[in-house]
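Chain letters run A, B, ... following the sequence lines, proteins first and then strands; every chain starts at 1. What you see below is based on every heavy atom in this structure, not just the backbone, and it leaves out hydrogens, waters and symmetry mates.
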Amino acid sequence: MPPMISTDYIEVAVTLPVNQTFVYGIPDALRVDACPGMRVLVPLGRRRVTGYILAEKKESGPYKTKDVLDLLDDYPLFPESDIAFFKWVAGYYIYPIGDTIKAALPAGLDCMDVSCAFVTVKGAQALEAGGLPHEEAGVLGLAAAKAGISLKSLSRRDPAGAAILRRLEKKDLVRISAVLKKETAGIKTEKFISLPKKTPSRQIRMSVKRHKILSIVREAGEISLTSLKRHVPTAPNLIKPLAQAGWLNVVSRRVFRDPLGEPVTPNTPPELTDEQAVVVKEIQTRADVFSPCLLVGVTGSGKTEVYMRLVADAVEKGRGAIVLVPEIALISQTERRFRARFGDKIAVIHSMLSQGERLDQWRKISLGKVNIVIGARSAIFAPIRKIGIIIVDEEHDYSYKQESGLRHNARDLAVVRAKMHNCPVVLGSATPSVQSCRNVVSEKFFKLELTRRVNNQTLPEITLVDMKKYQGSWGTDSIITPELGRGIRSCLEKGNQALIFLNRRGFSTFPVCASCGKTLGCPHCDVTMTLHKGEDHYKCHLCGHTLTSDIRCPDCGTGKIRNLGFGTEKIESMLKTLFPDARVARMDQDSTAGKGSTLSILRQIRNRTVDIIVGTQMLAKGHDFPAITLVGVICADLSLSLPDFRASERTFQLLAQVAGRAGRGEEPGRVIMQTFNPDHFTIKAARNQDYLEFFNHETPFRKALMYPPFSRMIQLKISGKNADKTRDHARLAADRLEQLNTREPKAQILGPIEAAIRKISSRYRWQILIKCVSSVNISRMVSAMVRDPAIQKVKSVSVVIDVDPYSLL
DNA sequence: AGCACGCCGACT
DNA sequence: GTCGGCGTGCTC
Ligand SMILES: [Zn+2]
Ligand SMILES: [Zn+2]
């Protein structure tokens, strides 16, 4: 157990966007159980909020302190040693410390006061009598129906809601009071039943059911109520009188929810290849020092086995391990293999888990029951005490970057955390990021390689098809070229599966008015709508707004819409026409929206009940499809022309990844990539599956324009509902930055510019880009800028800081 | 963030 | 005259 608080005061970080911590007094009754890493309920202003104990304090400082109201944990959620890490993260990402900790912890652990309106007796009478103004009756009815309504949810419904409520309060029809909103994730307890040591003297009537229960309990020794219910469904009612008469002992105990089914028995590791053994050895010799390693291994070269050896080795030495994997729907192949190897010694943090299940995985770690964790980006915050190794699989993957809230990059944080724990960190990939390659060149990382595939599979053969040849062709040839068509046919004739990739969903992606020529745009966003035939409407992919499929042009009022442009849904229907005997399935965000649909599509692929599978990048990651021998890429350059310095890298990674889906089984694979730019270095490098070729071509561009990894970059995203106010605020922010840009080496401030997508969900968007070779200077000036009251006080415009942005769009 | 305070326009 | 709008500032 960690050291308890021994002082009269504690330092607390509250979950609010404030850049400071607060000092509270701690009553003796709470102090005996309190320690850093626990949550407390504290008064702040005139409400109660959740805070995290950071440290003990001998003095209150210059403030008049308030007392902690309650201790919300009986065991710390994170070790005291992690606080330094959280502070580092908060500083680096320029994000409030309390919010940083909240983002790091499992969700649903926040309690706070929420203002709620309750209908008074007078209000109920008034509602029944009628005669109230329409809107007042509406709000009152809502509050009555829900037995109290929070002010926040009301003003979300209707911006005028708060004003109406105040009127009602004045008339004494509602009462507004603070209600403590409890955490939504909790610890699960279960009842366990056993026989008492001595048979009770008190006799009760013994029915058949009661006898049965007693005999089951006698046999089991101790049994949970849940398993007892499986034998006797009415057990909960039956045990009560038995327990009261002393015939049974019933205790409530905390349990961990097990989301992954029955625990697996650990399997035995296979023999390592010579190459694998060398890599493992190299990293093991650096076991007790911070040593970042880039492990480049072609698909199928056995990286996962190397990871598992390193993790097992760290555990043997009494230390823990963190394994990061890309975020995908369902559990990935890598996660499954780790679980098979380490059984119940490993915690799994995955987006498919419920809040409570995630909390339990976290608690298992913080209680020291397990000291290995595998999971997507949030697992980098897992409360492992003495980390012996950190693994980042597919380190180039974009899902390591969180694109909302605390915009961290888990891959970068892995390196930081490894440094704090003096341990190796292994970044593995077949196609490493430009950033990591650069770190090898600059000798920040050392590089290890796995060049041979374990079972001697051959790498897929990749051919390019120039789509320019078929521009204006008849029928479907311009989209599914004859080369790709022939490829699919021969793949199907051999009884294999084909995967067709297009990173754009929907049926028609470019609806245009036949009479005035205007595109059909979203009324809330600055993008065109997409026709979804299955759902029979036009949909905006940014805000979700829909328009009926039979709509006339809203601009001229009469024109019919011509549905140009194509997405996965259209490719699916074209393939069904071209190959009427083939079974075609589609996997994208639309086809996997329903619960269980992802699983059912994956099962179809695995059981070979589909022949052609069309999909978006969802198909590119994490799942193994052994029967796929052909991968067709409809348009390799879709993401190439985006106005973003990482467009090439993203395209290269995506193409390399999809290509890797071909030939995972016995038969060699084939990849056909259709492109308008067959001579572009990105496409060529993807065809050659050569990350170094890509790196060598991309590096000069980045260097010339001072883009990462040759500089640090921070992007400010300024948005608001009012176009003029947003623009003015963006200009103000840029002015402040210019004023703060005094230290050498100076930063380069670009903008403000209007974002490429000028409006999303009725919010106008502006951007400022800051580049600087000095990490310290760029961080200092941006922190100072956001702390400026002139910037902070304007609440109708939001300023979001994206440190090391992945995409600038 | 949320909540109160305070200062100005358009209503009784 | 006040009711209620929002801009400003503070929370240990
Ligand atoms: Zn028109
Ligand atoms: Zn929209």
What residues 103-113 of chain A contributes to the DNA chain B interface at heavy-atom separation below 4.0 Å is none
How would you list, by chain and number, every residue that makes a side-chain hydrogen bond (donor to acceptor under 3.5 Å, both in side chains) with [X], sequence neighbours excluded?
X: Gln748(A); value: none
X: Asp735(A); value: none
X: Ser779(A); value: none
X: Ser150(A); value: Ser153(A)

Considering every strand and a 4.0 Å limit on heavy-atom distances, what is the contact class for Thr15(A): base, sugar-phosphate, or nothing? nothing
Name all residues meeting the salt bridge (Lys or Arg N to Asp or Glu O under 4.0 Å) criterion together with Glu403(A); count only those two or more places apart in sequence or in a different chain, and write none if there are none. Lys401(A), Arg407(A)
My understanding is that only residues two or more places apart in sequence, or in another chain, count here; which of them pass salt bridge (Lys or Arg N to Asp or Glu O under 4.0 Å) with Arg257(A)? Asp360(A)
Output one letter per nucleotide in nucleotides 4-12 of chain C: B when a protein non-hydrogen atom lies under 4.0 Å from the base, S when only the sugar-phosphate is that close, - when neither is. SS--SB-BB
Using a 3.5 Å cut-off and no angle test, enumerate the donor-acceptor pairs between side-chain atoms of residues 109-124 of chain A and protein atoms at least two apart in sequence or in another chain.
unit_1    : atom_1 : unit_2    : atom_2 : d
Asp110(A) : OD2    : Thr15(A)  : OG1    : 3.4
Asp110(A) : OD2    : Lys102(A) : NZ     : 3.3
Asp113(A) : OD1    : Arg48(A)  : NE     : 3.2
Asp113(A) : OD1    : Arg48(A)  : NH2    : 2.8
Asp113(A) : OD2    : Arg48(A)  : N      : 2.9
Asp113(A) : OD2    : Arg48(A)  : NE     : 2.9
Thr120(A) : OG1    : Gly123(A) : N      : 3.0
Thr120(A) : OG1    : Asp172(A) : O      : 2.8
Thr120(A) : OG1    : Leu173(A) : O      : 2.9
Lys122(A) : NZ     : Lys171(A) : O      : 3.3

Sequence neighbours excluded - salt bridge (charged side-chain N to carboxylate O under 4.0 Å, His left out) pairs with any residue from residues 777-792 of chain A: Arg736(A)-Asp788(A)
Contacts under 3.5 angstrom, residues 409-419 of chain A side chains, donor-acceptor by atom type, not counting sequence neighbours:
unit_1    : atom_1 : unit_2    : atom_2 : d
Asn409(A) : OD1    : Arg411(A) : N      : 2.9
Asn409(A) : OD1    : Asp412(A) : N      : 3.4
Arg411(A) : NE     : Glu395(A) : O      : 3.3
Arg411(A) : NE     : Glu395(A) : OE1    : 3.1
Arg417(A) : NH1    : Ile380(A) : O      : 2.8
Arg417(A) : NH1    : Ala382(A) : O      : 2.9
Arg417(A) : NH2    : Asp82(A)  : OD1    : 3.0
Arg417(A) : NH2    : Asp82(A)  : OD2    : 3.2
Arg417(A) : NH2    : Ala382(A) : O      : 3.2

Contacted region of DNA chain B by chain A, from 5' end to 3' end of the hits, cut-off under 4.0 Å to heavy atoms, spans dA1(B) to dA4(B)
Taking side chain as C-beta onward, heavy atoms only, is Val786(A) less than 4.5 Å from Ile94(A)? yes
